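In what follows, a structure is listed as structure tokens, so that the remarks can point back to it.
Start at 1 and go down the list; that is how both ligands and their atoms are numbered. Being a predicted model, the structure only gives us computed values, none of them experimental.
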Amino acid sequence: MNFASLDDIEALALSRMDRNTRHYYESGAIDEKTMAANRADFDRFLLRPRVLRNVSNIDLSTTVLSCRVAWPVAFAPSAMHGLAHPDAELGSAAAAKNTNTLMTLSSYSTTTLEDVIAAPSKNIRETPFWLQLYVHTDRTISETLLKRAEAAGYKALALTVDAPVLGRRLNDLRFKFAMPKHLKLKNFAPEQGVMTASERNANPDASRSQKGSKADAALTWRDIAWLRGVTTMKIVLKGIMTPEDAILACEYGVDGIIVSNHGGRQLDSSPSSISVLEEIVAVVDSFPGNGKAKPEVYMDGGIRRGTDVVKALALGAKVVFIGRPVLYGLAVGGSAGVEAVVSVLTEEIKVAMALCGVTNIEQLRREKCVVKRKFKGLENFKL
Ligand SMILES: Cc1cc2nc3c(=O)[nH]c(=O)nc-3n(C[C@H](O)[C@H](O)[C@H](O)COP(=O)(O)O)c2cc1C
Ligand SMILES: CC(C)CC(=O)C(=O)O
């Protein structure tokens with residue numbers, strides 16, 4: 001499949017989706033200001049073209065939590081891939097394997113986590129898989145899920161910390177989306193009472209807290225110790241947006257943090273991910289590790305161009321994650337569509353790196369001079 005840009009894939013995908021799926025995938029919370037800022041704020045940073053530096057070979061490979069991957073972009077967890085394509089998560093997992101891309105599976109998937117990691121692919125290189133987790137009010141259900149993930153070969157769990165309650169997505173509320181009958185949240189038994197976002201949105205009690213979903217709104221930092229006790233997988237916190245929480249993450253000894261506002265789907269009026277990335281990287285870098293490893297810092301939110309990836313890496317992200325683009329790729333062509341997303345973004349990153357005069361990811365991350373602030377401060381920035 002051949003596309004010029006991720007926008008073209010998105011436009012085709014949206015034109016094919018039924019209204020409710022489109023709303024669920026596209027929506028941000030409330031006025032969608034944070035979702036818009038996730039895109040717009042990349043324009044606050046400019047790239048500096050450098051010349052005559054032999055850029056005939058560009059190497060995009062890097063590592064994430066010691067696993068080698070082909071490029072510095074990973075798949076963010078998103079619920080219910082079955083809405084996008086009949087192959088569901090098997091399509092996205094095959095694309096992840098075929099392109100040696102880290103995939104994070106949402107625990108609210110329409111395929112079991114065991115089937116996802118075993119998805120057939122033509123690639124023999126080992127590709128890391130992580131499992132995203134919402135902690136269930138009945139902890140034994142989460143413990144069982146983690147044990148299953150560990151046994152199946154998942155390398156890390158990504159604990160989503162920015163959704164103790166669900167953000168209000170207005171079109172989900174207006175149109176009361178219901179998951180089609182042929183789809184199930186396959187990692188849970190029906191009696192475990194896990195509800196989809198839409199079912200919860202359609203239920204006013206549940207939308208006030210995540211009680212209805214059985215996701216535990218009472219979770220605190222102390223629960224990290226519980227997680228450490230029940231799994232040997234590495235622990236990544238997804239949804240860190242302030243230096244204060246980044247320092248706490250360091251103190252609690254997690255292995256990674258994802259600077260993320262959930263694609264603008266949770267707290268509207270919170271800042272864009274790219275605008276807070278640099279200060280979070282700085283506090284993690286200066287945290288006194290006392291010989292212990294510090295968390296790797298990743299980011300997601302609004303990545304749609306190779307230049308976005310280059311900016312985020314130059315501002316200190318180890319890798320970035322893409323959410324909606326994977327769903328749109330899946331919708332246009334199953335695994336081939338997701339591979340088309342990877343291919344467009346890979347080409348764009350290579351071109352941007354070459355024109356910035358850098359040839360590998362370490363160089364890009366070291367040379368912070370690749371990016372230049374366009375505006376001195378928020379006060380000068382007009383949305
Ligand atoms: C339709 C949809 C479903 C999502 N489901 C989950 C989920 O199950 N767990 C989670 O932690 N994040 C979820 N996210 C958030 C993504 O992991 C990610 O943070 C976000 O999509 C990144 O922004 P982007 O879509 O602009 O790339 C979801 C996002 C979308 C759009
Ligand atoms: C089932 C939902 C809670 C998944 C999610 O995180 C989202 O829709 O943003």
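Closest heavy-atom contact between V259 and S273: CG1-O, 3.8 Å.
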*Would E143 and R148 satisfy salt bridge (charged side-chain N to carboxylate O under 4.0 Å, His left out), going step by step from the backbone distance to the final call?*
CA-CA 9 Å; E143 287 176 17; R148 282 172 53 196; over 6 Å; no
*Begin with the C-alpha distance, continue with both residues' side-chain angles, and end with the deciding distance and a verdict on salt bridge (charged side-chain N to carboxylate O under 4.0 Å, His left out) for D255 and R228.*
CA-CA 11 Å; D255 303 286; R228 282 240 176 272; 3.5 Å; yes
*Please report the C-alpha distance between Q132 and T160 in whole Å, then the side-chain angles of each, then the deciding distance to 0.1 Å, and finally whether the side chain to side chain donor-acceptor pair (under 3.5 Å) criterion is met.*
CA-CA 7 Å; Q132 175 272 339; T160 300; 2.9 Å; yes
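Counting atoms of ligand 2 from 1 in the listed order, those under 4.0 Å from a heavy atom of Y108 are 1 (C). Taking every heavy atom of R265 and a limit of under 4.0 angstrom, the matching atoms of ligand 2 come to 7 (C), 8 (O), 9 (O).
Under the 4.5 Å side-chain heavy-atom criterion for ILVMFWY residues, a single connected hydrophobic cluster contains both L133 and W221. Hydrophobic clustering (ILVMFWY, side-chain heavy atoms < 4.5 Å, transitive): V310 and I361 are in one cluster. Following chains of ILVMFWY side-chain contacts shorter than 4.5 Å, one cannot reach V64 starting from L105, and the two form parts of different hydrophobic clusters.
Because its NZ or CZ atom is both nearer than 6.0 Å to the ring centre of Y24 and within 45° of the ring axis, R265 counts as a cation-pi partner of that residue.
Note: an N/O pair closer than 3.5 Å links Y24 and ligand 2 by distance alone.
Heavy atoms of R169 approach ligand 2 to within less than 4.0 angstrom.
Near ligand 1, residues Y24, Y25, A76, P77, S78, A79, S106, Q132, Y134, T160, K238, S260, H262, G263, R265, D300, G301, G302, R304, I322, G323, R324, L327 come within 4.0 angstrom through at least one heavy atom.
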